[in-house]
Amino acid sequence: MNRAIIHKYLVSALLILTVVVSGAFCDAIPRKVQKGQEAWRSLKQAQNAFESNDFVHAIQFAEKAKEIRRQDAQWQSYTLENTLRKAKVRKEHDVLDAVKVVLSELEMKEALDIVDFHVKAKGIDYFSNKFSKLVEYMDFYSHYPEADYLLGKIYRLEGEFKIAAKYMEEAYKHSENLDVPMQKYDLLYDLADLSYDLDEKNNFEKYLLLIVKDDPYYRDEIFMKSILRIINENSKKSVEKFFLLYRCENDLSLESLIKLCEFYSEIGESEKTLRCSALASIIALTKIESVLSQRIIGYEYNGFEDALTKCSRYSDIVDWGNKNKIWEIFCILATSSADNGKTNYSNELLKILSRAEPEEYWRDYASQKLIK
């Protein structure tokens with residue numbers, strides 16, 4: 001799509017939005033969104049248009065979805081605030097579960113449905129069991145992160161990286177509204193990639209760390225110090241001890257750890273490179289063992305080299321390792337160990353990798369990095 005067309009549409013959309021918002025303030029009572037016109041329906045139309053590369057209509061439908069969400073939130077806020085006209089509601093002193101009982105007794109079905117919807121989605125503790133906090137939440141709820149995320153994707157494909165970043169930042173700011181909470185991580189990866197494209201290195205690191213910091217193992221300083229302590233022993237035996245003692249089944253952060261390893265290595269942050277590569281290597285081996293145990297009856301761990309050798313028997317595992325930079329991360333662990341003065345540990349690991357890496361390129365790489 002021509003950038004001039006996108007720009008023209010964006011200006012038009014902003015003008016329309018200004019009129020709509022101005023009109024909303026003129027209306028004394030917000031209108032309820034009619035059945036069949038829900039925000040999610042417009043979002044679905046936007047997603048269908050996006051998948052068909054019809055970006056003009058995708059933008060139109062996404063913006064419409066955002067406006068419908070705002071209208072819905074305004075109506076919900078008005079409906080909830082209107083319940084306070086009832087003395088029975090006010091007498092419950094802002095206790096949400098008590099207010100729910102009163103709303104049921106007064107047959108205020110619309111208000112009760114709104115309360116039930118948000119309590120079911122967030123839990124009553126999210127609102128500290130306060131009715132006023134639920135009312136305040138309507139402003140936050142008025143944002144539609146899925147629509148902003150989709151708009152960010154469209155502008156990114158068109159090379160409008162700064163506009164794309166603004167939409168995605170808005171989506172992340174309100175990511176608690178996502179219907180699928182795990183989509184937050186897709187959003188963070190895209191924000192990291194956009195930051196890289198914009199040469200914003202600090203943001204690139206920031207967004208990747210936001211993913212990594214959700215990993216309980218990375219946050220556990222006792223665990224991290226423990227795995228690094230073994231490397232710091234700097235002996236040949238430490239390599240097998242390292243891969244024998246630790247496992248980490250949370251592979252959510254693996255991609256971000258690998259990207260951070262490459263980034264830190266590039267800017268000469270050897271300690272950070274070692275920290276990230278150590279955890280990434282444990283996660284990678286845990287994932288490998290999980291697959292091998294499904295392929296090999298009675299599989300048992302018989303050493304790091306044996307695990308790598310078994311991987312070589314399966315072309316799909318080798319391909320997965322290449323695609324996800326698994327074989328590379330083991331080499332980064334070895335080289336970053338050497339960069340931190342742990343040459344005995346590094347050399348022993350490199351010897352294993354030079355013999356057993358499933359990919360020839362990384363076997364040769366490890367062999368070349370051996371300290372003679």
- Donor + acceptor pair across side chains of Glu176, Tyr126 (<3.5 Å): yes
- Item | Side chains of His174 and Asn177, donor plus acceptor under 3.5 Å | no
- Item | Result of checking Phe242, Tyr246, Phe330 against Phe304 for ring pair (Phe, Tyr, Trp, His ring centres under 6.0 Å) | Phe330
- Message: Has Asp251 got a side-chain atom pairing as donor or acceptor with Ala284's backbone, closer than 3.5 angstrom?
- Response: no
- Is it true that atom CD of Glu249 has more than 12 heavy atoms of other residues, nucleotides or ligands lying nearer than 6.0 Å? no
- Any Lys/Arg nitrogen of Glu221 or Arg275 sitting under 4.0 Å from an Asp/Glu carboxylate oxygen of the other? yes
- Task: Return the minimal non-hydrogen interatomic distance between Asn324 and Ile258, and the atom names on each side.
- Result: O-CD1, 3.3 Å
- CZ on Phe61 to CD on Gln47, rounded to 0.5 Å: 12.0 Å
- Item | Heavy-atom pair with the smallest gap, counting every atom of Met168 and Gly152 | CE-C, 3.5 Å
- Task: Determine yes or no for a side-chain-to-main-chain donor-acceptor pair under 3.5 angstrom, with Ser354 supplying the side chain and Ala366 the backbone.
- Result: no
- Task: Check the hydrophobic clustering (I, L, V, M, F, W, Y; side-chain heavy atoms under 4.5 Å; chains of links allowed) and say if Val101 and Val115 are grouped together.
- Result: no
- The reported gap from CG in Asp306 to SG in Cys311 (rounded to nearest 0.5 angstrom) is 9.5 Å
- Between the main-chain N or O of Leu191 and the side-chain N or O of Ser195, is there a donor-acceptor pair closer than 3.5 Å? yes
- Item | Output field: ring centroids Phe263/Tyr196 closer than 6.0 Å | no
- Task: Can you establish whether the number of heavy atoms outside Glu107 located under 6.0 Å from its atom CD is more than 12?
- Result: no
- State which residue, out of Tyr137, Phe117, Tyr141, fulfils the side chain to side chain contact (heavy atoms under 4.5 Å, CB included) condition with Lys122. Tyr137
- Query: Under 6.0 Å between ring centres, would you say that holds for Tyr365 and Trp362?
  - Reply: yes
- Message: Could you check whether any side-chain heavy atom of Ser337 comes within less than 4.5 Å of a side-chain heavy atom of Leu333, counting everything from C-beta outward?
- Response: yes
- Query: Heavy-atom count around Lys287 NZ within 6.0 Å, excluding the residue itself: above 12?
  - Reply: no
- Item | Donor-acceptor contact below 3.5 Å, side chain Asn344 vs main chain Lys236 | no
- Query: Counting distance only, does the side-chain N/O of Ser367 pair as donor-acceptor with the main-chain N or O of Asp364 below 3.5 Å?
  - Reply: no
- Query: Roughly how far, to the nearest 0.5 Å, is the NZ atom of Lys206 from the CG atom of Leu188?
  - Reply: 9.5 Å
- How far does CD1 of Ile231 sit from OG of Ser346, to the nearest 0.5 angstrom? 10.5 Å
- Other residues, nucleotides, ligands: >12 heavy atoms within 6.0 Å of Asp316 CG: yes
- Message: Within the 3.5 Å criterion, strictly below it, is a donor on Ser235 or Ser238 matched to an acceptor on the partner's side chain?
- Response: yes
- Message: Under a 4.0 Å threshold between the charged nitrogen and the carboxylate oxygen, would Glu67 count as salt-bridged to Arg70?
- Response: yes
- Message: To the nearest 0.5 Å, what is the distance between CD on Glu359 and SG on Cys331?
- Response: 11.0 Å
- Please determine, by modelled atom types, if Ser253 and Asp215 share a side-chain donor-acceptor pair under 3.5 angstrom. yes
- Glu305 versus Ile352, closest heavy-atom pair with distance: CB-CG2, 3.7 Å
- Item | Stepwise side-chain contact (heavy atoms from CB on, under 4.5 Å) check, Tyr217 with Ile283 | CA-CA 10 Å; Tyr217 290 92; Ile283 295 172; over 6 Å; no
- Between Tyr264 and Glu271, is any side-chain donor less than 3.5 angstrom from a side-chain acceptor? no
- Task: Please report the C-alpha distance between Ile329 and Cys261 in whole Å, then the side-chain angles of each, then the deciding distance to 0.1 Å, and finally whether the side-chain contact (heavy atoms from CB on, under 4.5 Å) criterion is met.
- Result: CA-CA 8 Å; Ile329 199 63; Cys261 283; 3.6 Å; yes
- Message: Check for me, please, whether Ile227 and Phe243 land in the same ILVMFWY cluster - side-chain distances under 4.5 Å, paths through other members count.
- Response: yes
- Message: What verdict does the side-chain contact (heavy atoms from CB on, under 4.5 Å) test give for Leu274 and Asp339, after you've listed the backbone C-alpha separation in whole Å, the side-chain angles of each residue and the deciding distance to 0.1 Å?
- Response: CA-CA 9 Å; Leu274 180 59; Asp339 291 340; over 6 Å; no
- Does a salt bridge link Asp193 with Lys259, judged by any charged N lying under 4.0 Å from a carboxylate O? yes
- Can you tell me if NZ on Lys342 sees more than 12 non-hydrogen neighbours from other groups inside 6.0 Å? yes
- Query: Do Tyr78 and Phe131 share a hydrophobic cluster (ILVMFWY, side-chain heavy atoms under 4.5 Å, transitive)?
  - Reply: no
- Task: Indicate yes or no for a side-chain donor-acceptor contact from Arg363 to the backbone of Glu357 under 3.5 Å, with no hydrogens or angles considered.
- Result: yes
- Message: Between Ser42 (side chain only) and Ala39 (backbone N and O only), is there a donor and an acceptor less than 3.5 Å apart?
- Response: no
- Task: Would you tell me whether Tyr299 and Glu289 have side-chain atoms, one donor and one acceptor, within less than 3.5 Å of each other?
- Result: yes
- Item | Closest non-hydrogen atom pair between Arg41 and Gly36, with its separation | CD-O, 3.1 Å
- Run the side-chain contact (heavy atoms from CB on, under 4.5 Å) check on Glu205 and Leu260 step by step: do they pass? CA-CA 7 Å; Glu205 179 187 18; Leu260 283 169; 4.2 Å; yes
- Task: Please name the residue in the list Ile59, Leu150, Leu151 that meets the side chain to side chain contact (heavy atoms under 4.5 Å, CB included) test with Phe50.
- Result: Leu150
- Message: Closer than 3.5 angstrom, by distance alone: can the side chain of Asn129 be matched with the main-chain N or O of Val95 as a donor-acceptor pair?
- Response: no
- Item | Under 3.5 Å: donor-acceptor pair, side chain of Asn232, backbone of Leu228 | yes
- Trp327 side chain to Glu360 backbone, donor-acceptor under 3.5 Å: no
- Donor + acceptor pair across side chains of Tyr185, Asp214 (<3.5 Å): yes
- Straight-line distance of Ile282 CD1 to Leu254 CG, nearest 0.5 Å: 12.0 Å
- Query: Are side-chain N/O atoms of Asp72 and Gln76 paired as donor and acceptor at under 3.5 Å?
  - Reply: yes
